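Below: one structure, written as structure tokens.
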Amino acid sequence: MDDQLTPEDRELRALLGEAHTIAVVGLSSRPGRPSFEVATYLQDHGYRIVPVNPNEDAVLGEPAYVSLLDIPRDRSIDVVDVFRRASETPDVARDAVAIGAKVLWLQEGIVSDEAAAIATAGGLDVIMGVCIKHVRERLMGEDLT
């Protein structure tokens, strides 16, 4: 199993530039949690966040959904950003394919060859093992401190 799967910078730049709506699976409403910090950053930089967490009603002013399959069909999801254990990601990948997402992004430290294979077979781009916030900061030349 690879430690990460990351496309070339120009592909990442295009992907992040074309994305508008990001479903964050495992998003917590607790400040200080990595999912909250990343989602706040993304929202602050113009992305629409769709929280997916059965234990939340709303996060960052957006209604939360139990699963990707519960998101209204009229809401197009560009990226599914995942903060769940690697063992849970194949099911998330199946759901990402089912809702027509374009990208499955497994956060830093989360790697699943099975989830990657499911998503790839379903036509999604896959990025895993790296943080979407850190990648965007690096690509945009933002101060990382």
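The figures here come from the full heavy-atom set of this structure, side chains too, leaving out hydrogens, waters and symmetry mates. All values derive from a computational prediction rather than experimental measurement.
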(message) For the CG atom on D57, are there more than 12 heavy atoms of other groups (residues, nucleotides or ligands in this structure) within a distance under 6.0 Å?
(response) no
(message) Could you go through V135 and W105, starting from their C-alpha distance and side-chain angles, then the distance that decides it, and tell me whether this counts as side-chain contact (heavy atoms from CB on, under 4.5 Å)?
(response) CA-CA 11 Å; V135 168; W105 194 305; 3.9 Å; yes
Measure the shortest side-chain to side-chain distance between [X] and [Y] over non-hydrogen atoms and say whether it is less than 4.5 angstrom.
X: L104; Y: T120; result: no
X: V50; Y: I77; result: yes
X: L12; Y: R138; result: yes

(message) Tell me every residue that passes salt bridge (charged side-chain N to carboxylate O under 4.0 Å, His left out) with R48, counting only those two or more places apart in sequence or in another chain.
(response) E62
(message) Tell me every residue that passes side-chain hydrogen bond (donor to acceptor under 3.5 Å, both in side chains) with E56, counting only those two or more places apart in sequence or in another chain.
(response) S29
(request) Would you mind listing every side-chain hydrogen bond (donor to acceptor under 3.5 Å, both in side chains) that reaches into residues 82-95, with sequence neighbours excluded? (result) R84-E88, R85-E88, T89-S112
(request) Enumerate the residue pairs fulfilling side-chain hydrogen bond (donor to acceptor under 3.5 Å, both in side chains) with a member in residues 69-78, sequence neighbours excluded, ordered by first and then second residue. (result) S67-D70, D78-K102
(request) Report the residues that fulfil side-chain contact (heavy atoms from CB on, under 4.5 Å) with R30, sequence neighbours left out, ordered by chain and then residue number. (result) S28, R33
(request) Output the distance between atom CD1 (I127) and atom CD (Q107), rounded to the nearest 0.5 Å. (result) 10.5 Å
Can I get a per-line list of side-chain donor-acceptor pairs under 3.5 Å for residues 16-27, giving both atom names and the distance, sequence neighbours left out?
unit_1: H20; atom_1: NE2; unit_2: E18; atom_2: O; d: 3.4

